[in-house]
Number of protein chains: 2
Amino acid sequence: MATLGDVAALAGVSISAVSRVLSNDASARVSPATRERITDAAKSLNYRPNFAGRALRFSRSNVIALIVPDLTNAVFAELMRGVEEGALERGYVVLLARAEDMQPGGEMIDRLLGEGRVDGVLLQVGDHVAQEALDSMLEAPNPTVLVNSVHPGFSGSVTLDDVAAGRLATEHLLGLGHTRIALINGLETTYTAQQRAVGYREALGRASAAAPERITWHGYEPRAGRMSLTELMGDAEPPTAVVVANINSAIGVLGEARVLGIRVPEELSVVAVHDAWTAENTWPPLTTVKMPLYELGRHGVDTLYARLHGEEIADTVVAEPAPELRVRESTAPPAA
Amino acid sequence: MATLGDVAALAGVSISAVSRVLSNDASARVSPATRERITDAAKSLNYRPNFAGRALRFSRSNVIALIVPDLTNAVFAELMRGVEEGALERGYVVLLARAEDMQPGGEMIDRLLGEGRVDGVLLQVGDHVAQEALDSMLEAPNPTVLVNSVHPGFSGSVTLDDVAAGRLATEHLLGLGHTRIALINGLETTYTAQQRAVGYREALGRASAAAPERITWHGYEPRAGRMSLTELMGDAEPPTAVVVANINSAIGVLGEARVLGIRVPEELSVVAVHDAWTAENTWPPLTTVKMPLYELGRHGVDTLYARLHGEEIADTVVAEPAPELRVRESTAPPAA
DNA sequence: TCACTTTGATAAAACGTTTGATCAGACTCA
DNA sequence: TGAGTCTGATCAAACGTTTTATCAAAGTGA
């Protein structure tokens, strides 16, 4: 923990000289000889600028917070990777926090956002974040960018092309010959769920065959998937295929199908939105739509960076690379 | 972003007075009247002490880093929860980092550990962390506590009772009547894998029936599980049951069993170490040994806290609550 | 009344960094 | 030679906190 003073003492110069040299101040006038003494001294003491000193001086911490609903969720892993790599390149450190810790009255919001710890916030809103908590996060003074979600009256969202995802998954099933296709969706209040429903309807509408619409809105967790499947199978004419709006929910669907004695894909085709390592390890392996989550993370950082530097930012959709169908073994033509 | 100065100005007192009152300085002599003026002013300005100012003053950031091999891994989710809650109670904020970012030559180590950003480090060493990277993390000046792992010559580890876990899982299978029980383990270099093997052997040794030992050491990932099962099924006398040292690996085992046409649990019983939400959503649902990962996290924070306050700390094992068998549907008596 | 203590408050330094202002000495040019 | 410019470096202030030392006024006891 050597300081500028230590380096200066060793090199026999003033603190300012050291600071100028080590921060590559272009306007600094310092002779080659002293410059070398300084860099040598810094190296031998293994000098690193003190974080708190800088933060105080600049009133900027070079830390951004990434708040996600659930760290466990494999879907977020790619997002986090994108955020971390983008942040690293721009000189930021990422402070990861769980949304459930962000209680409106709780200490976490103040601690994280109110003490100047973080310069900005990337916020991925989960299904189960209370409106109140969201409000108190958005009204905090920290520049914020919403990732994978939108909020009425809030500008600065980065989202995926969920319409395309819903459409692509549905078209895959239509292409296999299915006509009774249900959508097992997230909560109706969620923006991503609404968008995926739009895509689903678009695909159904385009289909020449009469394909009735059937949607459940129970959420993105395994349990929600189980509940939805049970509900759908109680229909007079149950679906022969389902689009599941989330891979975790789809895992629940597969489990419940076993319980109900429904064979996948022979009796029921399942395609899920989002790809993760889990998809290869279910039985049967899940057909999915891979979304550019890594790029979403990177773009989120870029957008936050722009906002931190005073630029006006608009809502954007990360459409590159486009959602991509990964056909595995959970989808097949309907039984004759 | 009100400062002490702002509050002082509003209350018409000095900065020192404000600091004393707001930090509950017991030795402070200040009249009730001014005390009230100060607290009122602070409240109306929504004052929060600036993080950087404090960090500079105390040369302490009140941040601890938690470095884990893989954020996606559901096994770590409980650990993280324990760490975060423990940290919160002790007034610390958790900075989560991925071990793979900690490259020896890379910038991340310096950035995180060398700039005074974090007071201490909780380090969960993964299978695939290079020895070199581990060394450079341990030689950093930050007080460090190893979680769920040990390192030769390093004192300050908090681990689980992996021997008991291995024993418990094996005894469950023995109790069902199995005699050909294999252990699908982690890498041989890993401490946890070695411990689980010890427990496995203990259980086999105690069994009256002749139960030969059979172990694979391919790692904790799904792919390792798949590889191990294929290998075991090539044996002259393949096992009728397997202890899988990790739940993620066990998911791979289940998948590979489907591919090989082996029915679980009729032809092969599977029990895994560690419980997670995924266990309930495999087919069949996985019998597991639940380990006290939450408590491990909390204890890790406690230990680090002690080390930060200059106390000598020894290696400890978190044995409470004890590993607990969760019988689901992946285990059954051997076929007659 | 004088010496002394108590009360209630403030001044100032320090943590480590950056940067505008300053300064001494050497050089340039008329 | 004297005025001005350039060079190479240092001084000092500021960011927001905490805390030791200081201080004025009021109270206490003989």
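Proteins come first, then strands; the chains are lettered A, B, ... in the order of their sequence lines, and each starts at number 1. This is a predicted model, so every value here is computed, not measured.
Of all heavy-atom pairs between B/Arg35 and B/Val21, the closest is CG-CG1, 4.1 Å.
To the nearest angstrom, P of D/dG16 lies 15 Å from CZ of A/Phe51. Rounded to a whole Å, the CD atom of B/Glu115 is 10 Å from the P atom of C/dT17. Nucleotide C/dG16 holds its C1' atom 17 Å from the CZ atom of B/Arg60, rounded to whole Å. Atoms CG (B/Leu56) and P (C/dT17) sit 9 Å apart, rounded to a whole Å. The nearest whole Å value for the distance from the CG atom in B/Asn50 to the P atom in C/dC15 is 18 Å. Regarding A/Leu4, its CG atom lies at a distance of 12 Å from the P atom of C/dT19, rounded to whole Å.
Positionally, the nearest nucleotide of DNA chain C for B/Ile15 lies more toward the 5' end than for the other of A/Met1 and B/Ile15.
On a pure distance criterion of 3.5 Å, a polar donor-acceptor pair joins the side chain of A/Ser16 and the base of D/dC11. You'll find a donor-acceptor pair under 3.5 Å spanning the side chain of A/Arg57 and the base of C/dT18, going by distance alone.
With 3.5 Å as the limit, one finds no donor-acceptor pair spanning the side chains of A/Thr192 and A/Asp162. Side chains of A/Arg60 and A/Asn62: a donor-acceptor N/O pair is present below 3.5 angstrom, by distance only. For A/Ser16 and A/Ser19, the side-chain atoms include no donor-acceptor pair closer than 3.5 Å.
Ring pair A/Phe51/B/Phe51 is tilted by interplanar angle, where 30° to 60° counts as tilted.
Using a 4.0 Å heavy-atom distance criterion, B/Arg48 is classed as a sugar-phosphate-only contact. Within the 4.0 angstrom heavy-atom criterion, only backbone atoms of the sugar-phosphate kind lie near A/Phe58; the bases stay farther away.
Checked options B/Glu78, B/Glu85, B/Arg81; the residue passing with B/Tyr294 is B/Glu85 (criterion: side-chain hydrogen bond (donor to acceptor under 3.5 Å, both in side chains)).
Looking at residues 19-34 of chain B, you'll see B/Ser19, B/Arg20 sit with a heavy atom under 4.0 Å from some atom of DNA chain D.
Put simply, the side chain of A/Arg98 never gets that close to the backbone of A/Ile67: no donor and acceptor are under 3.5 Å apart.
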